[in-house]
Colleague: 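Below: one structure in structure tokens.
Letters A, B, ... mirror the listed sequences (proteins, then strands); counts begin at 1.
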There are 2 protein chains.
Amino acid sequence: MPRNPVWKAIAKTLETEIAERLYPPGARLPTEAALSDRFGVNRHTVRRALSDLSERGLVRSRRGAGVFVDIVPTDYALGRRVRFHQNLRAAGHLPEKRVLRIETRPARRAEAEALDLDRESEVVVYEGLSLSDGIAIAHFESVFPAARLPGLAAALAETASVTEALARAGVADYVRAETRISAERASATQALHLGLRDGEPVLCTISRNETPEGMPVERGTTWFAGDRVALVHAG
Amino acid sequence: MPRNPVWKAIAKTLETEIAERLYPPGARLPTEAALSDRFGVNRHTVRRALSDLSERGLVRSRRGAGVFVDIVPTDYALGRRVRFHQNLRAAGHLPEKRVLRIETRPARRAEAEALDLDRESEVVVYEGLSLSDGIAIAHFESVFPAARLPGLAAALAETASVTEALARAGVADYVRAETRISAERASATQALHLGLRDGEPVLCTISRNETPEGMPVERGTTWFAGDRVALVHAG
DNA sequence: GTTCATTTGTACGTATGTATA
DNA sequence: CTATACATACGTACAAATGAA
């Protein structure tokens, strides 16, 4: 068996086709038998892929009727394809990034776990501020698996764009695998960076980004100024 | 085949045993082979049950090692089909609701807009607390379009369950259309209800629920105790 | 460090039940 | 009523990760 399960590749293909409106919302997918033929696999392998899409809310199956597209994965604040600057630009604001720190150090426990690394492995750390119209609205720290992404640190220093830097390190595309959201009090450092009073609430999100094939490429923590940002989740 | 799938019965049995701490958090479940023997079914039927538990976050499997009861804090899955109590129960906690207020009054501006109502229309207001293992973790206020849901107020008073009350008012199914998430400081009232110190951070979510046909049926605002809950978004 | 039994993951195959159109 | 399509359940085989000998 391949390292990357066949069912995952099928799920990814179908997801793309749904996103591209080949199967628009409400449409019926080809039958399991037809999909088995198309991908040259057993029906149960297709079912595994459909089950994955169903779990994630993309499709819904009705016994005897078929499998139907439930929602469409689009770009929104909290979604599978989050690109921070794109969102702000879409909202008519001027996005900007300020780099605070780029360094390489051993992975911490939670980071190693999220990135599927050994404890000894090194990570590239990228800390900075996101501004909108000149006002700081978020403070972020991203860690990347250094070994898997040669030249990333240099690329980050040059471009400041995560997407662009990852592209230069060989990662053409990535998607958000999970996001955790909680509320915290701003630490003294954050309060300083975000121009908040001490103890004001911040939105803390911890997210994991992966390649379409499932290799973790980033674990990002972002602290949003609670009163300047609202995350929106469609669906 | 029976109307009630075997795998569901097995999942239910295991869920109960986990909730009763026969398998405490962190413990390893019997192997798939052992469970097959115990329930007298094929290994794949056991796997279907375990997959269900895994989906709901009760267990996590490690290839080569076994299936382990997940040590979950109260993670709240943020998805298209959110049912608050189901989530807590899935995490092995005892969910409970306390009704603070049920009343009917004219819609406010934001409510009317979200529910697609005239300003003069009336809404049913349902305010209460959600508890987990006896500890308040959220304070909520839901408003419903009164005219569209005859008998809802009475049903809410009886069952306290939104899903059940909506079912009695003729809404068999509903999905979350949108969620807005922000961080705030707890008001004095919320601090009291949630047992927080004044000014502690709370996660505020505003969501709109619709029927599958797109008719708005609920606008809910929930304030979570920031340190007791983390919202999780898969995908 | 290597080997090896154990355990979960993937994939295919077959049969039958049940809801839908 | 019938054909179609998804759901359940059994089975076999091998891959891949784990952990202990």
Side-chain angles (χ1 to χ4, degrees), chain A residues 1-14 18 23 26-70 112-113 115-121 177 210 213-216, chain B residues 1-14 18 23 26-70 172-173 212:
Chain A
M1 310 300 151
R3 264 186 315 288
N4 282 58
V6 176
W7 67 259
K8 239 178 207 181
I10 294 175
K12 175 72 187 145
T13 300
L14 292 175
I18 290 171
Y23 306 115
R28 214 192 83 175
L29 294 190
T31 66
E32 294 175 350
L35 291 173
S36 310
D37 273 358
R38 171 180 165 194
F39 293 109
V41 300
N42 187 273
R43 180 177 155 233
H44 289 302
T45 307
V46 168
R47 278 181 64 76
R48 182 69 185 84
L50 290 175
S51 156
D52 178 63
L53 296 182
S54 172
E55 257 179 60
R56 305 195 334 242
L58 268 77
V59 303
R60 190 180 310 206
S61 59
R62 279 167 43 212
R63 169 186 264 178
V67 178
F68 300 83
V69 176
D70 201 16
E113 194 167 326
L115 294 175
D116 201 14
L117 292 174
D118 298 324
R119 276 305 299 281
E120 306 80 30
S121 302
E210 304 177 337
E213 294 77 34
M215 181 184 80
Chain B
M1 310 301 154
R3 267 186 314 286
N4 278 50
V6 176
W7 68 259
K8 236 175 210 181
I10 295 175
K12 179 80 188 129
T13 300
L14 292 175
I18 289 170
Y23 305 115
R28 213 191 85 173
L29 295 190
T31 66
E32 293 176 350
L35 290 173
S36 310
D37 274 357
R38 170 180 166 194
F39 293 109
V41 299
N42 187 274
R43 178 179 157 227
H44 288 302
T45 307
V46 167
R47 277 180 67 74
R48 182 68 186 83
L50 290 174
S51 155
D52 179 63
L53 296 182
S54 173
E55 255 180 60
R56 293 186 286 143
L58 264 130
V59 302
R60 187 177 306 213
S61 57
R62 280 167 45 211
R63 170 185 264 180
V67 179
F68 299 83
V69 178
D70 207 352
D173 192 22

Colleague: Taking atom CZ of A:Arg47 and atom OG of A:Ser54, what is their separation to the nearest 0.5 Å?
Modeller: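 It is 10.0 Å, given to the nearest 0.5 Å.
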Colleague: Can you sort out the partners of A:Arg43 under side chain to side chain donor-acceptor pair (under 3.5 Å), two or more places apart, ordered by chain and number?
Modeller: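 Side chain to side chain donor-acceptor pair (under 3.5 Å) list for A:Arg43, sorted by chain: A:Glu32.
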Colleague: Return the value, rounded to whole Å, for the distance between atom CZ of A:Arg47 and atom P of C:dC12.
Modeller: 14 Å
Colleague: How far does OG1 of A:Thr45 sit from NZ of A:Lys8, to the nearest 0.5 angstrom?
Modeller: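 Rounded to the nearest 0.5 Å, the OG1-NZ separation comes out at 14.5 Å.
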Colleague: Taking the minimum atom-to-atom distance to the side chain of B:Arg48, which one of D:dC6, C:dT10, D:dT8 wins?
Modeller: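 In terms of side-chain proximity for B:Arg48, the closest of D:dC6, C:dT10, D:dT8 is D:dT8.
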Colleague: In whole Å, I'd like the distance from the CZ atom of A:Arg63 to the C1' atom of D:dC6.
Modeller: 7 Å
Colleague: Could you check how far NZ of A:Lys8 sits from C1' of D:dA15, rounded to whole Å?
Modeller: 15 Å
Colleague: Would a distance-only check, ignoring hydrogens and angles, find a side-chain to backbone donor-acceptor pair under 3.5 Å from B:Thr13 to B:Ala9?
Modeller: yes
Colleague: Grab the CD-P distance between B:Glu32 and C:dT10 for me, whole Å please.
Modeller: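 Distance, rounded to whole Å: 11 Å.
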Colleague: If you check the B:Thr31 side chain, which of C:dA11, C:dT7, D:dA16 turns out closest?
Modeller: C:dT7
Colleague: Give me the residues of residues 35-45 of chain A where at least one heavy atom lies under 4.0 Å from an atom of DNA chain D, by number, or none.
Modeller: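 Per residue number, the list reads A:Arg43, A:His44.
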Colleague: Report the residue (A:Trp7 or B:Arg28) whose heavy-atom-nearest nucleotide on DNA chain C is the more 5′ of the two.
Modeller: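 That would be B:Arg28.
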Colleague: Touch check for A:Arg62, heavy atoms < 4.0 angstrom, all strands: base, sugar-phosphate only, or nothing?
Modeller: sugar-phosphate
Colleague: Between the side chain of A:Arg62 and the main-chain N/O of A:Phe68, is any donor-acceptor distance below 3.5 Å?
Modeller: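 Absent.
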Colleague: I'd like to check B:Leu50 versus B:Leu29 (side-chain heavy atoms, cut-off strictly below 4.5 Å). Are they in contact?
Modeller: yes
Colleague: At under 4.0 Å, does any side-chain N or O of A:Ser61 touch on OP1 or OP2 of D:dA5?
Modeller: no
